[in-house]
Undergrad: 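Right, I'll just put the structure down here and ask away after.
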Amino acid sequence: MKPVRVRMAPSPTGHFHIGGARTAMYNFLLARQTGGQFILRIEDTDRKRNTPEAQAELMEALHWLGLQWDEGPDVGGPHAPYTQTARKDIYLAHAQQLIASGHAYRCFCAPERLQRMRAEQLRSRAPLQYDGLCRRLDPAEATARAAAGEPHTIRFMTPDTGTTTVHDYLRGDITVENRNIDDYILVKSDGFALYHLAAMVDDHLMGISHVFRSSEWLGTFPLHALIIRAFGWQEPVWVHLSVFLKPTGKGKMSKRDVTSEQSIFVLGLRDLGYLPEAVNNWIALMGASFGPEETPLTMDELIERFSLDHLTPAAARVNFEKLDHFNGLYLRKLSPPDLAQRVRPFFERAGLAPDEDLLRRIAPIIQERIVTLDDAIDMAGFFFRPASRPPAAELLQKGMTAAQSVVALEQARAALAAVSEAEFGDHAALEAPLRALVERLGLKAGQVFGLLRVAVTGQRVSPPLFETMVIVGREQTLARLHWAEGQLRAAAVQPAIDT
RNA sequence: GCCCCUAUCGUCUAGUGGCCCAGGACGUGGCCCUCUCAAGGCCAAAACCGGGGUUCGAGUCCCCGUAGGGGCACCA
């Protein structure tokens, strides 16, 4: 395939979500695969809804995912500027060109009139379209009124008979009757172009060869083709990507969705503790297939395997369980130092000050039992907190009395005390005597180790016991065991406690 | 109301007329491993929306239903 020029053209309104991320990724993948360019263009012509924060967030999210663009507002490029508000005059000139060629006209209808018209159409169950009042105006008169400063918009003059056929790469030909295509506004009365004009002009001027966009654009797709054809330009290859549906399947995901604790926002996912590799892999697979091999796929593999022919046109429900699975996969592939580094901000956010060295020693023992980076806090936060001093009820294991537990604790402490400081660094040196103890006591390993686990970590769920003890250290381990012993001894005289 | 799109296991998907009594992954269930939790290994259940065509032959092409989704702004 020859090098493509593709573009991601978000409008900086709310939070950047995974649907946009996937569109950006497919653009990126095809650009890298073919040796083409990936362009970032900010569609900010709606000055009412844009926010600078949204633009910053979107760029940060793209960076986090590793989807670097070749041309864009920050890096520049041969077709600068890459921000639509800065291109206002370009669109205006093109709109005028359309008026001159008879493909567009000025409309002086006030918003109030349009509103009334729509209300009436709703009542009479007529199609919701502009009624064409200004279309019938004498062009010379319209020009004069505009010159006199009368506020107006510029509308596209859609043919009122015949049909228009457009071609979507995933769906084939789509034919619609021209009377069903509205005379859409191209330029607002504030002089800013709307998407319909601005995007078409930019895509042409910037030499875009393939357009990936959401299937929400299918409705106005014929209009866009008509506009391009009115200019006599060549159309890009159109690829309308399916939308993401909520996990329930009821409706598409929306920027206003805050329903679940799972996030549909890219940066939200990051803060939840997901890895960019996992997020990339996850969203790539919703709406496309990348061959028979098993995941996880690296970005290079995604680039290599991406194909327009393996995109699916149907809407996909987002499945967060699969994200969890992918995240676990990638988490386990990380080197311990890498894991330590990635998990550090989460500890800090939890108010803990993790020692770098300690973090690196903990990494390998939590690696295969956390799903998100944030899970590390629940699993290993105790390493960075003072001894937790669990109550007797926590310490007691199933089928064990307090008295039995005291004995087990005493003997465990004795066994561990017999291990020298030097040997304590090896978890096998701890495991052997404790297993022998389990044997002697005639109890189950799960019972004794469970007791020790709670005594040492304060948790019923923790990393492996012996490795944990090694990291906690000889002195602390013995102290915690001792404390638990006292706790149980007090409980033993009060028979009321049961598990 | 009008226009458009889509339709394979619960979910994401493979399948581009015979290789499909439909393959993979997530999830689910069972077993193994096991100091908790995981991870890992093995096994299992689970789908071509319905009806008509076309064809020697249809999950694959066409039509009609049905269901789901999207759009109908001086938003993108």
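Labels below follow one simple rule: chain letters A, B, ... track the order of the sequence lines, proteins then strands, and each chain is numbered from 1.
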Undergrad: Does Phe265(A) have its ring centroid less than 6.0 Å away from the ring centroid of His15(A)?
TA: yes

Undergrad: Under 6.0 Å from the ring centre and within 45 degrees of the ring axis: does the NZ or CZ of Lys252(A) meet both conditions for the six-membered ring of Phe244(A)?
TA: no

Undergrad: What contact category does Gly287(A) fall into here, base, sugar-phosphate, or nothing, at under 4.0 angstrom with non-hydrogen atoms?
TA: sugar-phosphate

Undergrad: More than 12 heavy atoms of other residues, nucleotides or ligands under 6.0 Å from NZ of Lys188(A): yes or no?
TA: yes

Undergrad: When rounded to the nearest Å, what value does the distance between C1' atoms of rU13(B) and rU60(B) take?
TA: 16 Å

Undergrad: Which nucleotides of nucleotides 67-76 of chain B have their base under 4.0 Å from a protein heavy atom (B), which only their sugar-phosphate (S), and which neither (-), written as one string 5' to 3'?
TA: --SSSSSBBB

Undergrad: When both hydrogen-bonding distances must be under 3.5 Å and the geometry is Watson-Crick or G-U wobble, what is rG68(B) paired with, if anything?
TA: rC5(B)

Undergrad: Tyr184(A): what forms a ring pair (Phe, Tyr, Trp, His ring centres under 6.0 Å) with it, not counting sequence neighbours?
TA: His196(A)

Undergrad: Quick check on the 6.0 Å ring-centre criterion: do Tyr195(A) and Trp217(A) meet it?
TA: yes

Undergrad: On the ring face of Tyr130(A), is Arg155(A) found with NZ or CZ under 6.0 Å from the centre and within 45° of the axis?
TA: yes

Undergrad: Determine, for nucleotides 58-65 of chain B in 5'-to-3' order, which nucleotides have protein heavy atoms under 4.0 Å from the base (write B), from only the sugar-phosphate (write S), or from neither (write -).
TA: --------

Undergrad: Rounding to an integer number of Å, can you tell me how far Lys246(A) NZ sits from rU11(B) C1'?
TA: 17 Å

Undergrad: Quantified in whole Å, what is the C1' atom distance between nucleotide rC3(B) and nucleotide rU11(B)?
TA: 30 Å

Undergrad: Can you tell me how far P in rC63(B) sits from the matching atom in rU6(B), rounded to whole Å?
TA: 11 Å

Undergrad: To the nearest 0.5 Å, what is the distance between CD on Gln447(A) and CD on Gln397(A)?
TA: 7.5 Å

Undergrad: Just how far, in rounded Å, is P of rA7(B) from CG of Leu170(A)?
TA: 11 Å

Undergrad: Send over the distance from Tyr169(A) OH to rU6(B) P, rounded to a whole Å.
TA: 16 Å

Undergrad: Kindly indicate whether the side chain of Phe383(A), heavy atoms from C-beta on, has any atom under 4.5 Å from the side chain of Pro463(A).
TA: yes

Undergrad: How close or far is atom C1' of rU13(B) from atom CG of Leu285(A), stated in whole angstroms?
TA: 8 Å

Undergrad: Provide the distance between the two C1' atoms, one in rG10(B) and one in rA46(B), to the nearest whole Å.
TA: 9 Å

Undergrad: Considering every strand and a 4.0 Å limit on heavy-atom distances, what is the contact class for Leu323(A): base, sugar-phosphate, or nothing?
TA: nothing

Undergrad: Could you measure between the two C1' atoms, the one in rU8(B) and the one in rC56(B), and give it in whole Å?
TA: 25 Å

Undergrad: Searching all strands shown, indicate the nucleotide that pairs with rU54(B) (Watson-Crick or G-U wobble; both distances under 3.5 Å).
TA: none

Undergrad: Donor-acceptor pairs under 3.5 angstrom involving side-chain atoms of residues 405-412 of chain A: please list them, not counting sequence neighbours.
TA:
unit_1	atom_1	unit_2	atom_2	d
Ser405(A)	OG	Thr401(A)	O	2.8
Glu410(A)	OE2	Arg489(A)	NH2	2.5
Gln411(A)	OE1	Arg440(A)	NH1	3.2

Undergrad: CG of Asp183(A) versus P of rC3(B): gap in Å, rounded?
TA: 18 Å

Undergrad: Reading nucleotides 30-41 of chain B 5' to 3', which nucleotides get B (base under 4.0 Å from a protein heavy atom), which S (sugar-phosphate only), which -?
TA: -----BBBBSS-

Undergrad: Given the side-chain rings of Phe466(A) and Phe449(A), with only the six-membered ring counted for Trp, is the space between their centroids under 6.0 Å?
TA: yes

Undergrad: Would you please indicate yes or no on a ring centroid separation below 6.0 angstrom for Phe212(A) and Trp238(A)?
TA: no

Undergrad: In terms of the nearest nucleotide of RNA chain B, which residue is placed more toward the 5' end: Ile174(A) or Val318(A)?
TA: Ile174(A)

Undergrad: Please compare Pro247(A) and Glu177(A) by the position of their nearest nucleotide in RNA chain B and report the one closer to 5'.
TA: Glu177(A)

Undergrad: Could you tell me whether His240(A) and Phe221(A) have their ring centroids closer than 6.0 angstrom?
TA: yes

Undergrad: Taking all non-hydrogen atoms of both residues into account, name the closest pair between Ala429(A) and Pro433(A) and its distance.
TA: O-CD, 3.1 Å

Undergrad: Within a reach of under 6.0 Å around CD of Glu120(A), are more than 12 heavy atoms found that belong to other residues, nucleotides or ligands?
TA: yes

Undergrad: Any non-hydrogen side-chain atom of Leu40(A) less than 4.5 Å from a side-chain atom of Leu62(A)?
TA: yes

Undergrad: If you measure from the P atom in rG27(B) to the same atom in rC64(B), how many Å do you get, rounded?
TA: 41 Å

Undergrad: Can you measure Asn281(A) atom CG to rU13(B) atom P for me and round it to whole angstrom units?
TA: 14 Å

Undergrad: Need the pair for rU11(B). Rule: Watson-Crick or G-U wobble, both distances under 3.5 Å, any strand; none if unpaired.
TA: rA25(B)

Undergrad: Only pairs with both distances under 3.5 Å count, Watson-Crick or wobble alike; so what is the partner of rG40(B) in this structure?
TA: rC32(B)

Undergrad: Mind checking the C1' distance from rA44(B) to rC62(B)? Whole angstroms is fine.
TA: 39 Å

Undergrad: Please report the distance, rounded to the nearest Å, between CH2 in Trp282(A) and C1' in rG27(B).
TA: 15 Å

Undergrad: Can you tell me how far C1' in rU28(B) sits from the matching atom in rG68(B), rounded to whole Å?
TA: 25 Å

Undergrad: Describe the nucleic acid contact of His240(A) in one word from base, sugar-phosphate, nothing, applying a heavy-atom distance below 4.0 Å.
TA: nothing

Undergrad: Glu120(A) CD to rC2(B) P: how many Å, rounded?
TA: 17 Å

Undergrad: Give the B/S/- string for nucleotides 44-51 of chain B, one per nucleotide from 5' to 3', where a protein heavy atom under 4.0 Å of the base yields B, of only the sugar-phosphate yields S, and otherwise -.
TA: --------

Undergrad: Heavy atoms only, 4.0 Å cut-off, all strands: where does Ser214(A) land among base, sugar-phosphate and nothing?
TA: nothing

Undergrad: For residues Arg41(A) and Gln84(A), determine if any side-chain heavy atom of one lies less than 4.5 Å from a side-chain heavy atom of the other.
TA: yes

Undergrad: Applying the Watson-Crick and G-U wobble criteria at under 3.5 Å, what pairs with rU60(B)? Answer none if nothing qualifies.
TA: none

